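Chain letters run A, B, ... following the sequence lines, proteins first and then strands; every chain starts at 1. Since the structure is predicted, the reported quantities are computational estimates derived from the model, not experimental observations.
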There are 2 protein chains.
Amino acid sequence: MDIKTVCAGLLTFGEASGYEIKKLFEDGTFNGVYDASFGSIYPALTRLAEEGHVVCREQEQHGRPDKKVYSLTPKGRAHFVAELSRGIQPDRVRSEFAIATIFAHLLPRDVIVAYVDQQIAEYRAALVRLDEAECDPSSEMTNLQFAIGLGRAQLNAALAFMESRRALLEAAAVPPQQETAVEARAVPGVKHA
Amino acid sequence: MDIKTVCAGLLTFGEASGYEIKKLFEDGTFNGVYDASFGSIYPALTRLAEEGHVVCREQEQHGRPDKKVYSLTPKGRAHFVAELSRGIQPDRVRSEFAIATIFAHLLPRDVIVAYVDQQIAEYRAALVRLDEAECDPSSEMTNLQFAIGLGRAQLNAALAFMESRRALLEAAAVPPQQETAVEARAVPGVKHA
DNA sequence: TCGATATATGTCGGGCCGATATATGACGGT
DNA sequence: ACCGTCATATATCGGCCCGACATATATCGA
């Protein structure tokens with residue numbers, strides 16, 4: 001599923017500009033589910049307009065730059081539903097924090113401690129954003145509450161695990177006084193299965 | 001963190017070929033944490049060799065094509081530790097399943113049911129792979145067990161939520177007899193905050 | 001013998017990210 | 001009054017990475 005399709009999906013909830021779509025990815029409906037940069041969103045909207053899947057309307061604003069508001073056409077809506085019905089790819093995760101934990105035995109302890117604190121802060125922030133999204137009046141739909149509940153269940157489980165086991169991870173890291181010694185030590189060529 | 005750095009990290013556990021690194025992404029150490037295609041791995045190993053971070057050794061095999069086995073140099077190891085200590089980016093998730101649930105009210109019920117079944121099957125398969133990784137003799141390190149435990153906690157939470165609430169989601173989808181009627185219906189232009 | 005599967009490496013087009021440029025106006029500090 | 005910072009808003013561009021394809025060897029079952 002490409003960015004064009006995802007943008008079209010967001011527009012089923014109502015018209016929006018490229019900037020507003022970016023904000024929805026960051027703290028709105030798609031928080032923690034999907035993500036796209038301006039460098040993807042603006043070209044995607046241009047191509048959607050060329051294909052007749054959206055129409056563009058320029059809107060003047062007072063005290064702010066003008067914006068281009070895009071609306072989904074019936075053709076675009078039908079195409080989105082067809083694309084989403086065609087099948088979905090498995091979840092794709094990219095966790096640099098998980099990589100850091102796997103190599104914790106190579107990192108100074110204070111670095112690992114900082115990473116754990118940072119990760120816990122991000123989990124908490126994501127939970128707050130989900131709470132806000134649930135209070136949103138547009139979330140009366142049971143299916144949006146399902147998506148929010150699934151995210152919250154995973155975040156709470158991750159938080160509970162991290163807070164109860166972080167000492168084990170930090171103990172595996174390199175203690176401050178051994179830091180230089182370890183970096184100079186020869187590497188045992190351990191084979192992995 | 002680019003693919004080069006992640007490949008270098010895997011090589012701290014011992015020498016490996018590009019093909020073996022791909023398998024480690026799929027069902028080994030990095031299962032559910034990171035992912036890379038052959039189109040990224042092979043050029044990454046070539047560039048790592050050019051930079052002197054790995055050395056390459058060609059190995060003949062009986063009953064199989066030859067392979068190129070890469071080993072991390074001390075320079076490459078030091079560079080990897082420095083890169084990983086420089087800071088980490090927040091987790092990035094791309095869940096087409098979550099998108100499908102958000103738009104469940106636009107999809108036929110049988111499509112949603114199939115997607116839920118598929119997602120549950122993927123969660124279970126990921127749990128099995130984590131169990132195998134934990135039994136692996138190389139996972140005596142407490143930090144690798146931490147990463148596995150974190151993944152398992154999130155997967156179990158997601159599974160429990162899906163199995164107890166899937167009926168709510170499926171009820172929000174389009175019932176079979178109303179399918180054509182809904183697609184022809186006019187779209188109310190609902191604004192999102 | 002034919003196709004399927006597994007092992008193994010590589011290229012290439014195109015999609016997407018991150019950085020950068022540009023512009024307007026609000027707000028607070030000196 | 002002036003300046004920097006922040007938020008709003010759009011757009012481009014280099015480069016990284018994915019997915020598809022090409023290529024090759026060998027085993028196994030139909």
Pull out every protein N or O sitting under 3.5 Å from an N or O of nucleotides 3-7 of chain D, one pair per line with the distance.
none

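Between the CZ atom of B/Arg57 and the P atom of C/dT9 there is a distance of 12 Å, given to the nearest Å. We find that CD of A/Glu58 is positioned 15 Å from P of C/dT24, with the value rounded to whole Å. We find that NZ of A/Lys22 is positioned 13 Å from C1' of C/dA19, with the value rounded to whole Å. Rounded to whole Å, atom P of C/dA26 lies 10 Å from atom NE2 of A/His62. Between the NZ atom of B/Lys23 and the P atom of C/dA6 there is a distance of 11 Å, rounded to whole Å. Spacing between atom CZ of B/Arg47 and atom P of C/dT11 amounts to 11 Å, rounded to whole angstrom units. In this structure, CD1 of A/Ile21 is placed 15 Å from C1' of D/dT8, rounded to the nearest angstrom. Note: CG (B/Leu45) to P (C/dT11) measures 12 Å, nearest angstrom.
When each of B/Phe38 and A/Ile3 is assigned the nucleotide of DNA chain C with its nearest heavy atom, B/Phe38 is the one assigned upstream, toward the 5' end. Toward the 5' end of DNA chain C, the nearer of the two residues B/Arg92 and B/Thr46, judged by each one's closest nucleotide, is B/Thr46.
Classified by interplanar angle (parallel below 30°, tilted 30° to 60°, perpendicular above 60°), the ring pair A/Phe30/A/Phe25 is tilted.
Side-chain nitrogen and oxygen atoms of B/Lys68 include at least one within less than 4.0 Å of the OP1 or OP2 phosphate oxygen of C/dG10. Put simply, B/Tyr42 has no side-chain N or O that comes within less than 4.0 Å of OP1 or OP2 on C/dG10. Listed pair A/Arg94 / D/dC16 fails the phosphate criterion, with no side-chain N or O lying under 4.0 Å from OP1 or OP2. Between D/dA9 and A/Gln61, a contact under 4.0 Å exists linking OP1 or OP2 to a side-chain N or O.
The ring pair (Phe, Tyr, Trp, His ring centres under 6.0 Å) pairs that include a residue from residues 107-127 of chain A number zero, where partners must be two or more places apart or lie in different chains. Among residues at least two apart or in separate chains, salt bridge (Lys or Arg N to Asp or Glu O under 4.0 Å) pairs with a member in residues 145-163 of chain B are B/Arg124-B/Glu163, B/Asp131-B/Arg152, B/Glu134-B/Arg152.
Between atom OG of residue A/Ser95 and atom CD of residue B/Gln154 there is a gap of 8.0 Å, rounded to the nearest 0.5 Å. We find the CG-OG1 distance between A/Leu11 and A/Thr73 to be 10.0 Å, quoted to the nearest 0.5 Å.
Nearest nucleotide to the side chain of B/Arg64, out of D/dC17, D/dG19, C/dT7: C/dT7.
With A/Phe97 as the fixed residue, the side-chain contact (heavy atoms from CB on, under 4.5 Å) test singles out one of A/Met162, A/Glu122, A/Gln118: A/Met162.
Summarising the local packing, CD of A/Gln61 is surrounded by more than 12 heavy atoms from other residues, nucleotides or ligands at distances under 6.0 Å.
Using a 4.0 Å heavy-atom cutoff across all strands shown, B/Ala36 reaches sugar-phosphate atoms only and no base atom. Using a 4.0 Å heavy-atom distance criterion, A/Ser17 is classed as a sugar-phosphate-only contact. Across all strands shown, A/Gly39 has heavy atoms under 4.0 Å from base atoms, whether or not it also approaches the sugar-phosphate.
Under the 4.5 Å side-chain contact rule for hydrophobic residues, A/Phe161 and A/Ile102 share a cluster.
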